[in-house]
2 protein chains.
Amino acid sequence: MPHGHASEALTKNQALVMGALSEATGPLSAYTILDQLRDDGLRAPLQVYRALDKLVEFGLVHRLESLNAFVACRQPGCDSHERTAFMICDDCGSVIEITDKALARRLKSLAQDASFALKKSTIELRGLCAACTPM
Amino acid sequence: MPHGHASEALTKNQALVMGALSEATGPLSAYTILDQLRDDGLRAPLQVYRALDKLVEFGLVHRLESLNAFVACRQPGCDSHERTAFMICDDCGSVIEITDKALARRLKSLAQDASFALKKSTIELRGLCAACTPM
DNA sequence: TTGCACACGTTATACCGTTACACAATCGTG
DNA sequence: CACGATTGTGTAACGGTATAACGTGTGCAA
């Protein structure tokens with residue numbers, strides 16, 4: 001199996017959760033995932049949360065803090081997973097995932113100015129996507 | 001009749017919740033606030049959440065999405081409340097509140113590039129503050 | 001073999017937030 | 001003033017989010 005994270009050998013539960021997120025068009029909550037996977041043998045929240053923890057760790061899934069939900073990573077390279085920004089449409093729920101070097105630089109610089117050892121950035125922009133913006 | 005900002009005439013519950021947050025050294029969860037205010041007559045979560053909603057609306061309090069907690073706004077001017085960034089120490093829980101024009105500009109620009117009508121930015125940086133960073 | 005690391009399964013519980021309903025105070029306008 | 005509209009309040013019940021504390025099984029390395 002080629003390159004990096006994306007080819008981790010996932011366990012059964014991890015694969016099930018990853019599958020649910022990959023097929024979804026938008027973010028899913030852990031409990032929504034659980035409901036979708038009951039027929040596949042998942043019975044308890046913890047089974048989903050454990051899988052999600054690993055998938056986030058592998059860089060395959062992002063957690064959206066402002067939604068308490070999760071999305072599959074859509075980035076090609078999937079690097080800079082810790083500096084990804086999201087635009088979340090309050091109307092249709094769609095999520096745009098972006099990584100921007102200038103933004104990352106600015107955050108890094110701000111952290112340095114404050115002597116803050118930056119580990120992870122949560123950047124979630126709320127508003128209306130192009131399709132949902134009235135003309 | 002909201003216009004001032006910082007000197008709003010708060011209702012009783014709002015003042016109680018604001019007081020709890022102002023005295024705290026760090027973020028408080030809604031339930032922690034409730035516990036602290038039981039002796040002052042607050043009995044139910046909703047009383048706290050209603051006050052918090054208003055305080056956030058007034059710009060006196062920030063919600064930290066990645067903590068599910070709330071902090072009193074420490075900014076002098078308290079403008080640009082929708083574009084504030086936070087550095088949250090994973091060790092001691094302290095919160096540094098900053099607003100940065102360059103950062104705000106970059107986010108606005110990214111949103112424009114995506115035709116995204118930006119309403120609110122959630123920017124929460126996790127890591128270690130200066131005091132908690134090993135030398 | 002023994003110990004360790006890790007995934008898994010289950011129950012119970014804690015924590016976060018809202019819905020629904022009812023009542024009181026306030027305020028603007030006719 | 002009287003009326004309705006708005007806003008704040010109080011309570012109970014509930015639903016959504018996440019973890020604690022058990023215990024099991026497996027693979028692997030010392």
Side-chain angles (χ1 to χ4, degrees), chain A residues 5 7-21 24 26-58 60-71 88 90 93 120 122 124 126, chain B residues 1-4 8-21 24 26-58 60-71 88 90 93 120 122 124 126:
Chain A
H5 301 310
S7 56
E8 285 305 332
L10 299 180
T11 68
K12 173 169 157 279
N13 288 0
Q14 288 162 15
L16 285 170
V17 170
M18 191 67 212
L21 285 171
L28 298 180
S29 78
Y31 278 71
T32 301
I33 295 170
L34 176 57
D35 286 342
Q36 292 188 7
L37 296 178
R38 287 212 191 264
D39 295 342
D40 298 287
L42 292 199
R43 317 279 320 267
L46 198 46
Q47 297 175 286
V48 174
Y49 280 108
R50 287 201 274 229
L52 286 169
D53 284 347
K54 285 299 180 184
L55 293 171
V56 168
E57 188 185 320
F58 296 157
L60 297 174
V61 165
H62 298 283
R63 177 188 178 114
L64 299 176
E65 301 284 357
S66 67
L67 293 179
N68 293 328
F70 301 82
V71 282
I88 302 167
D90 288 330
K120 181 178 191 316
T122 296
E124 299 179 12
R126 307 295 294 263
Chain B
M1 37 175 87
H3 8 8
E8 276 320 315
L10 300 179
T11 68
K12 172 171 158 278
N13 288 0
Q14 286 162 15
L16 286 170
V17 170
M18 191 66 212
L21 284 171
L28 298 180
S29 77
Y31 276 69
T32 302
I33 294 170
L34 176 57
D35 286 342
Q36 291 188 7
L37 296 177
R38 290 216 188 258
D39 295 343
D40 300 287
L42 292 199
R43 317 279 321 269
L46 193 48
Q47 296 174 288
V48 175
Y49 280 108
R50 287 200 277 228
L52 286 170
D53 284 348
K54 285 298 182 185
L55 293 171
V56 169
E57 187 184 321
F58 296 158
L60 297 173
V61 165
H62 297 283
R63 177 187 178 115
L64 298 176
E65 302 283 357
S66 66
L67 293 179
N68 292 329
F70 301 82
V71 282
I88 303 167
D90 287 330
K120 181 177 190 318
T122 296
E124 299 178 14
R126 307 295 292 266

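Values below: every heavy atom of this structure, side chains too, minus hydrogens, waters and symmetry copies.
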If only side-chain N and O atoms of [X] are considered, is one of them under 4.0 Å from the OP1 or OP2 phosphate oxygen of [N]?
X: A/S29; N: D/dT17; answer: yes
X: B/K12; N: D/dG8; answer: no
X: B/N13; N: D/dG8; answer: no
X: A/T11; N: C/dC8; answer: yes

Rounded to the Å, how far apart are [X] [atom1] and [N] [atom2]?
X: B/D53; N: D/dT7; atom1: CG; atom2: C1'; answer: 14 Å
X: B/L10; N: D/dT9; atom1: CG; atom2: C1'; answer: 15 Å
X: B/L55; N: D/dG8; atom1: CG; atom2: C1'; answer: 13 Å
X: B/L67; N: D/dT17; atom1: CG; atom2: P; answer: 18 Å
X: A/I33; N: D/dT17; atom1: CD1; atom2: P; answer: 11 Å
X: B/L64; N: C/dC16; atom1: CG; atom2: P; answer: 13 Å

**Near-strand residues of residues 34-52 of chain A, defined as heavy-atom separation under 4.0 angstrom from DNA chain C** =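 Contacts with DNA chain C under 4.0 Å: A/R43, A/A44, A/L46, A/Q47, A/R50.
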**Request:** To the nearest 0.5 Å, tell me how far B/L34 CG sits from B/Y49 OH.
**Result:**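 Between B/L34 CG and B/Y49 OH, I get 9.0 Å after rounding to 0.5 Å.
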**Asked** Is there side-chain contact between B/K120 and A/I88, with heavy atoms separated by less than 4.5 Å?
**Response**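 Counting from C-beta outward, B/K120 and A/I88 never come under 4.5 Å.
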**Prompt:** When you match B/Q14 and A/A30 each to their closest nucleotide on DNA chain D, which lands nearer the 5' end?
**Reply:**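 Mapping each residue to its closest nucleotide by heavy atoms, the 5'-most match is B/Q14.
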**Item:** N-O pairing of A/R63 and A/E65 below 4.0 Å
**Value:**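 Between A/E65 and A/R63 there is a salt bridge, with a charged N closer than 4.0 Å to a carboxylate O.
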**Message:** Minimum heavy-atom separation for A/P27 and A/V71, please, with both atom names.
**Reply:**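 For A/P27 versus A/V71, the nearest heavy atoms are CA-CG1, 3.4 Å.
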**Message:** If you compare all heavy atoms of B/S66 against all heavy atoms of B/R126, which two are closest, and at what distance to 0.1 Å?
**Reply:**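 That would be OG-NH1, 3.0 Å.
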**Prompt:** Would B/Y31 count as stacked on C/dC16 if the rule is ring centres under 5.5 Å and plane angle under 30°?
**Reply:**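 According to the criterion (under 5.5 Å, under 30°), yes, B/Y31 stacks.
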**Request:** Any chance you could lay out the side-chain contact (heavy atoms from CB on, under 4.5 Å) test for B/L37 and B/Q47, step after step, and finish with the verdict?
**Result:** CA-CA 10 Å; B/L37 296 177; B/Q47 296 174 288; over 6 Å; no
Could you pull out all donor-acceptor pairs under 3.5 Å where a side-chain atom in residues 9-21 of chain A meets a protein atom, sequence neighbours excluded?
residue, atom, partner, partner atom, Å
A/T11, OG1, A/Q14, N, 3.4
A/Q14, OE1, A/T11, N, 3.2

